[in-house]
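Only one structure is covered here, and it is reproduced in the block below.
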Number of protein chains: 2
Amino acid sequence: MDITIDIEDSAPLFAQLVEQIKEAVLKDKISPGAPLPSIRQLANDLRLNSKTVAKAYRLLERDSVIQTRGYRGTFIHPDAKINCTVDLGEWVIAKLSDAISELRDGGVTDSEIRIAFGNLMNKRTI
Amino acid sequence: MDITIDIEDSAPLFAQLVEQIKEAVLKDKISPGAPLPSIRQLANDLRLNSKTVAKAYRLLERDSVIQTRGYRGTFIHPDAKINCTVDLGEWVIAKLSDAISELRDGGVTDSEIRIAFGNLMNKRTI
DNA sequence: TTTTGTACCATTACACCACACGGTACAAGT
DNA sequence: ACTTGTACCGTGTGGTGTAATGGTACAAAA
């Protein structure tokens with residue numbers, strides 16, 4: 001596991017982590033079932049805040065790339081390689097893009113779309 | 001036409017204008033075809049910037065509540081009363097709400113939705 | 001000439017959010 | 001005791017969008 005963090009990079013630190021771990025899985029540098037460094041450990045090695053590493057791990061687990069087994073540590077998910085290629089971002093963009101295009105075609109101002117969006121995102125109960 | 005602008009109100013000035021003009025139409029205080037003050041004139045009377053009034057007029061015309069006939073001035077739209085009740089906002093909220101709910105159910109973070117949304121809104125070519 | 005709506009340049013203030021950071025605390029396992 | 005992931009409180013910075021302001025300019029009609 002050779003992870004490099006570039007503070008100068010415009011990409012967020014947690015995103016760099018996610019990206020590099022996914023890459024390591026895809027290039028067979030880590031095999032499924034293998035243990036990952038603990039959050040605090042990795043944060044210490046990379047001189048990052050533990051919250052930053054925790055955020056990366058949380059996202060990776062949501063994508064089923066890693067598996068956190070509570071007090072036993074974190075491991076590479078059995079189906080990690082498959083789930084790495086599934087890009088959640090594209091489906092998000094597609095869904096939103098459709099809605100936005102439809103609204104714009106209906107004559108709705110970008111500003112109005114932003115306002116409505118902001119209101120919706122603040123209400124937890126949709 | 002008695003329009004009152006409250007600077008202390010949290011509602012944007014242009015929104016107050018839109019609201020009050022729509023209200024005047026609904027309450028038959030102005031009839032279809034009647035002329036409205038010019039942008040500069042109204043801005044002067046209310047001590048607002050002409051751009052602020054222009055923005056309100058632009059929105060009202062998009063909703064077909066008023067009609068701008070170029071150099072002849074601005075008038076109340078023939079179907080103003082009907083178009084006043086049509087709330088564009090509700091259809092916007094419904095459309096967006098659907099998309100957001102779907103994404104959230106798919107495990108997408110609110111933060112990620114916001115990022116994707118922001119990126120889409122900045123790219124003119126969708 | 002003056003007025004009409006409109007378009008472009010710009011600045012200011014304000015608010016929200018993402019990101020990263022710090023500290024503290026917890027239950028459950030080694 | 002120590003570590004695990006996780007959750008809560010918080011702070012600060014930078015980016016970005018809205019809202020409102022100002023100035024200048026245009027073509028077309030009165």
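Chain letters run A, B, ... following the sequence lines, proteins first and then strands; every chain starts at 1.
Rounded to an integer number of Å, the gap from B/Ile5 CD1 to D/dA20 C1' is 12 Å. Rounded to whole Å, the distance from CG on B/Asn119 to C1' on C/dC17 is 14 Å. Atom-to-atom, CZ of A/Phe75 to C1' of D/dG5 comes out at 12 Å; the value is rounded to the nearest Å. In this structure, A/Arg58 atom CZ and C/dC19 atom C1' are separated by 12 Å, rounded to whole Å. Summarising the geometry, the separation between CG on B/Leu59 and C1' on D/dA19 is reported as 13 Å, rounded to the nearest angstrom. To the nearest angstrom, P of C/dA13 lies 17 Å from CD1 of B/Ile7. Distance A/Ile39 CD1 to D/dA7 C1': 12 Å, rounded to the nearest Å. Atoms CD1 (A/Ile115) and C1' (C/dA15) sit 11 Å apart, rounded to a whole Å.
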Please list every donor-acceptor pair under 3.5 Å in which a side-chain atom of residues 31-41 of chain A meets a protein atom from a residue at least two apart or in another chain.
{"residue": "A/Ser38", "atom": "OG", "partner": "A/Gln41", "partner atom": "N", "Å": "3.0"}
{"residue": "A/Gln41", "atom": "NE2", "partner": "A/Asp45", "partner atom": "OD1", "Å": "3.3"}

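No hydrogens or angles considered: a donor-acceptor pair under 3.5 Å links the side chains of A/Thr109 and B/Arg62.
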Could I get a table of every N or O pair under 3.5 Å where one atom is in the protein and the other is in nucleotides 13-17 of chain D?
{"residue": "D/dG17", "atom": "OP1", "partner": "B/Asn122", "partner atom": "OD1", "Å": "2.6"}
{"residue": "D/dG17", "atom": "OP1", "partner": "B/Asn122", "partner atom": "ND2", "Å": "3.2"}

Identify each atom pair where a protein N or O and an N or O of nucleotides 24-26 of chain C are less than 3.5 Å apart, giving names and distance.
{"residue": "C/dA25", "atom": "N6", "partner": "A/Arg40", "partner atom": "NH2", "Å": "3.3"}

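Expressed to the nearest 0.5 Å, how far CG of A/Asn49 lies from NZ of A/Lys55 amounts to 12.0 Å. The distance from atom CZ of A/Arg47 to atom OG1 of A/Thr52, rounded to the nearest 0.5 Å, is 15.5 Å.
Put simply, the side chain of B/Gln16 gets close to the backbone of B/Ala11: a donor and an acceptor are under 3.5 Å apart. Within the 3.5 Å criterion, the main-chain N or O of B/Ser97 finds a donor-acceptor partner in the side chain of B/Ser101. A donor-acceptor contact shorter than 3.5 Å is absent between the side chain of B/Asp9 and the backbone of B/Ile5. Formation of a donor-acceptor pair under 3.5 Å by the B/Glu112 side chain with backbone atoms of A/Gly89 is not found in this model.
Annotation: salt bridge (Lys or Arg N to Asp or Glu O under 4.0 Å) contacts of A/Glu61 (sequence neighbours excluded): none. Under the salt bridge (Lys or Arg N to Asp or Glu O under 4.0 Å) criterion, B/Arg69 pairs with no residue, sequence neighbours left out. Applying the salt bridge (Lys or Arg N to Asp or Glu O under 4.0 Å) criterion to B/Asp28, with sequence neighbours excluded, gives B/Lys81. Among residues two or more places apart in sequence or in another chain, the salt bridge (Lys or Arg N to Asp or Glu O under 4.0 Å) test is passed with A/Glu23 by A/Lys27. Not counting sequence neighbours, the partners of B/Ala43 by the side chain to side chain contact (heavy atoms under 4.5 Å, CB included) test are B/Ser50, B/Val53.
Residue-environment remark: NZ (A/Lys22) exceeds the threshold of 12 foreign heavy atoms within 6.0 Å.
Distances shorter than 4.0 Å separate none of the side-chain N or O atoms of B/Lys55 from OP1 or OP2 on D/dA20. In terms of phosphate contacts, A/Thr52 brings no side-chain nitrogen or oxygen within less than 4.0 Å of OP1 or OP2 of C/dC19. OP1 or OP2 of D/dG22 sits under 4.0 Å from a side-chain N or O of B/Asn49. The phosphate of D/dT4 has OP1 or OP2 within less than 4.0 Å of a side-chain N or O from A/Ser38.
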Output field dot_bracket for DNA chain D (Watson-Crick or G-U, both distances under 3.5 Å, | for other-strand pairs) contains |||.||||||||||||||||||||||.|||
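Contacts of residues 60-74 of chain A with DNA chain C (heavy atom under 4.0 Å): A/Tyr71. Only A/Pro12, A/Leu13, A/Phe14, listed by number, bring a heavy atom of residues 11-19 of chain A to less than 4.0 angstrom from any atom of DNA chain C.
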| Audit row: B/Thr68, B/Phe75, side chain to side chain contact (heavy atoms under 4.5 Å, CB included) steps and yes/no | CA-CA 6 Å; B/Thr68 155; B/Phe75 304 85; over 6 Å; no
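Each of A/Asp79, A/Val65, A/Ile21 was checked for a side-chain contact (heavy atoms from CB on, under 4.5 Å) with A/Cys84, and the lone residue meeting it is A/Val65.
Residue pairs satisfying the ring pair (Phe, Tyr, Trp, His ring centres under 6.0 Å) criterion with at least one member in residues 98-120 of chain A, sequence neighbours excluded, are listed as follows: A/Phe117-B/Phe117.
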